[in-house]
Amino acid sequence: MAAAQKLASIKMGLKNLKISFKDSSLKEFHIHNQIDLNIRSQHQIWLEIEIRDKPSSDLQVVNQLLLNQCYSQSVSKFKQLYPNLDTPIIFDLGAYIGISCLYFKTIFPLAEIFCLEPDAENYELLRKNIQTNRLTQVSYTEAAVWDKNTRVVKDQIFRDGKEWSISFLERELGSIRAFDMPTLMQSKQIDTIDFLKMDIEGAEQMLLGDLETANSFLPKVRFIAFELHREFLSEGDIQPIFDHLGFDLVLGKDVSYAWNKNYLSQATSKTHSPSF
C-alpha cells in the first residue's frame, strides 16, 4: 500500500500505546497526542493498524474505539463484576477491520477472542491487522450472525453507506454465510461467553428483539456490550427480554451493556479453540 505514515502516542495509564497508521488520507483525521485509556500494564504496546488508502470510515472507527473509548464503560463494569477473570472468552460480532479486537487485547492480553466479520474487504483488513500485530488466541471467520443458519447478501444503503455501516439481507442464494449463535458457540465448543461484543448494523433486532432467539444464547453469556441501532429496535423492545432472562441492562447513546445476574457467583468458564 502506497501510503503516508503517522505515529500517535496514547497514554494508557502506566503504559504507552504506539499506533502506526498507514494511509494516504490522514488529513481527514485529527488525532490527539495523549489519551488516558485507564488501562494498567507494565509493558509497552505497539499497534500497527492497516487501513484503506482511500476515503473510508476506518479512521472514524479508530477514533470511536481507541480515542473516544466507546467500550470503556462496559469494560470497566465487566472488570468490576469479574475482577479475577483475566482470561475471558470474547466474541467480537461485527469485528470490522480488527480495531475492537486490538482494543480488547490491550486490556485482556490473555483473552481468547473469536471475531466474526461478513464483509470481504473488511475481513481482509481484519486478518492482516491480527496477523501483523501477532495476536495470539484470536480466530476469525468471514460470516454474519443471524437468527438461523442461512445465506445473506450485502446491503449498503444503511445510514451513510460507508464500510462501518454495511447491513445484510437474507437471500437463499446469497454469497455470504450466516450462522445463528448456538451454531457459532458449538463450532468453538464454547459453553459460556464471558464478554459478547455486538455491533451488527441492525441484525440485533433478530437476536435481541425476539425472546425465543435471545433465549437460545443469552443465558450462556455473562456480559454483553452492543450497539443498538434504533432504526430497527427500541429500548422498549429489548428491556422486557433482558428482564425476563435475568439481566441488568444499562442503555447508552452509542453502546449499551448488560450482565447476567445468574453468573455472578462463578469465576471461570470452559475454553477450547478449534478452527471453525
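Hydrogens, waters and symmetry mates play no part in the numbers below; they use all other heavy atoms, side chains included.
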Exercise for review: Verify the cluster assignment for Ile241 and Leu251: are they in a single hydrophobic cluster under the rule of side-chain heavy atoms below 4.5 Å apart?
Suggested key: yes
Review point. Backbone N or O of Gly252 within a donor-acceptor pair of the Ser256 side chain at under 3.5 Å?
Key: yes
Check your understanding: Would Glu235 and Arg230 pass as an ion pair if we require N to O under 4.0 Å?
Key -> yes
Exercise for review: Establish, from distance only, whether the side-chain atoms of Gln64 and Tyr71 form a donor-acceptor pair under 3.5 Å.
Suggested key: no
Practice item. Consider only side-chain heavy atoms of I, L, V, M, F, W and Y, link residues closer than 4.5 Å, and tell whether Leu211 and Ile224 are in one cluster. Key: yes
Check your understanding: Does the side chain of Phe242 come within less than 4.5 Å of Asp248's, by heavy atoms?
Key -> no
Review point. Is there a side chain to side chain contact (heavy atoms under 4.5 Å, CB included) between Asp254 and Glu227 once you walk through the steps?
Key: CA-CA 6 Å; Asp254 296 316; Glu227 292 200 24; 5.5 Å; no
Revision key, fill the gap. Between Lys197 and the options Tyr103, Phe91, Phe104, the side chain to side chain contact (heavy atoms under 4.5 Å, CB included) test singles out Phe104
Practice item. Could you tell me whether Gln73 atom CD has more than 12 heavy atoms of other residues or ligands within 6.0 Å of it? Key: no
Point to revise | Donor-acceptor pair, side chain of Glu172 and main chain of Arg151, under 3.5 angstrom | key: no
Exercise for review: Without swapping roles, check the side chain of Lys105 against the backbone of Pro109 for a donor-acceptor pair under 3.5 Å.
Suggested key: yes
Exercise for review: Please answer whether the main-chain N or O of Val221 pairs with a side-chain N or O of Asn260 as donor and acceptor at a distance below 3.5 Å.
Suggested key: yes
Practice item. Please answer whether the main-chain N or O of Ala111 pairs with a side-chain N or O of Thr87 as donor and acceptor at a distance below 3.5 Å. Key: no
Review point. Can you tell if the side chain of Ser74 reaches within under 4.5 Å of the side chain of Phe226, non-hydrogen atoms only?
Key: no
Exercise for review: With salt bridge (charged side-chain N to carboxylate O under 4.0 Å, His left out) as the test, would you mind laying out the steps for Arg177 and Glu142 before giving the verdict?
Suggested key: CA-CA 8 Å; Arg177 300 176 299 166; Glu142 185 179 351; over 6 Å; no
**Study point:** Heavy-atom pair with the smallest gap, counting every atom of Leu66 and Gln69
**Key:** O-CG, 3.7 Å
Exercise for review: State, without any angle test, whether Thr141 and Tyr123 hold a side-chain donor-acceptor pair at a distance under 3.5 Å.
Suggested key: no
Check your understanding: Is the closest side-chain donor-acceptor distance between Asn129 and Thr132 under 3.5 Å?
Key -> no
Review point. Between Cys115 and Ile113, which heavy-atom pair has the shortest distance, and what is it?
Key: SG-CG2, 3.9 Å
Practice item. Side-chain contact test, heavy atoms from C-beta onward, threshold under 4.5 Å: evaluate it for Lys77 versus Val75 and give yes or no. Key: no
Review point. Any idea how Tyr257 and Phe223 line up, ring-wise: parallel (<30°), tilted (30 to 60°), or perpendicular (>60°)?
Key: parallel
**Study point:** Within-4.5 Å side-chain heavy-atom neighbours: Ile238 and Leu233
**Key:** yes
Study note, to complete from the structure: Note: Leu228 and Ser234 closest approach over all heavy atoms is CD2-C, 4.3 Å
Check your understanding: To the nearest 0.5 Å, what is the distance between OH (Tyr263) and CG (Asp194)?
Key -> 9.0 Å
Review point. Step by step, would you call Leu169 with Arg171 a side chain to side chain contact (heavy atoms under 4.5 Å, CB included)?
Key: CA-CA 6 Å; Leu169 300 172; Arg171 293 290 185 269; 3.8 Å; yes
Check your understanding: Quick one: do Glu112 and Lys188 make a salt bridge, cutoff under 4.0 Å?
Key -> no
Check your understanding: Looking at side-chain heavy atoms only, is the closest gap between Trp146 and Asp180 below 4.5 Å?
Key -> no
Practice item. Dump the intermediate steps for side chain to side chain contact (heavy atoms under 4.5 Å, CB included) on Leu184 and Leu116, then the final yes or no. Key: CA-CA 10 Å; Leu184 290 172; Leu116 200 72; 3.8 Å; yes
Check your understanding: How long is the span from the CD1 atom in Ile130 to the SG atom in Cys101, to the nearest 0.5 Å?
Key -> 4.5 Å
**Study point:** Side chain to side chain, Arg52 and Leu125, heavy atoms closer than 4.5 Å
**Key:** yes
Check your understanding: Taking atom CE of Met181 and atom CG of Leu218, what is their separation to the nearest 0.5 Å?
Key -> 8.0 Å
Exercise for review: Indicate whether the side chain of Arg127 and that of Asn122 have a donor and an acceptor atom separated by less than 3.5 Å.
Suggested key: no
Exercise for review: Verify whether one side chain among Asp58 and Tyr96 offers a donor that lies under 3.5 Å from an acceptor in the other.
Suggested key: yes
Exercise for review: Mind checking the CG-CD1 spacing from Leu85 to Ile89? Nearest 0.5 Å is all I need.
Suggested key: 9.0 Å
Practice item. Identify whether NZ of Lys or CZ of Arg in Arg222 sits under 6.0 Å from the centre of the six-membered ring of Tyr82 and within 45° of that ring's axis. Key: yes
Review point. Roughly how far, to the nearest 0.5 Å, is the CG atom of Leu110 from the OG1 atom of Thr136?
Key: 8.0 Å
Review point. Counting only heavy atoms not in Gln186, do more than 12 sit closer than 6.0 Å to its CD atom?
Key: no
**Study point:** Contact summary for Gly94 and Ile200, nearest pair of heavy atoms
**Key:** N-CG2, 4.1 Å
Practice item. Spell out, as yes or no, whether a donor-acceptor pair under 3.5 Å connects the side chain of Lys128 to the backbone of Ile49. Key: no
Review point. Which value, rounded to the nearest 0.5 Å, describes the distance between Ile99 atom CD1 and Gln60 atom CD?
Key: 12.5 Å
Practice item. I would like to know whether Tyr140 and Gln131 meet side chain to side chain contact (heavy atoms under 4.5 Å, CB included); could you show each step before the answer? Key: CA-CA 11 Å; Tyr140 35 91; Gln131 293 181 356; 3.0 Å; yes
Check your understanding: Looking only at heavy atoms, which two atoms of Ser100 and Asp92 are closest? And how far apart?
Key -> OG-OD2, 2.6 Å
Exercise for review: State whether a side-chain donor-acceptor pair under 3.5 Å links Asp147 with Thr213.
Suggested key: no
Point to revise | Ile193 side chain near Lys220 side chain, heavy-atom distance below 4.5 Å | key: no
Review point. Can you tell if the side chain of Glu170 reaches within under 4.5 Å of the side chain of Lys148, non-hydrogen atoms only?
Key: yes
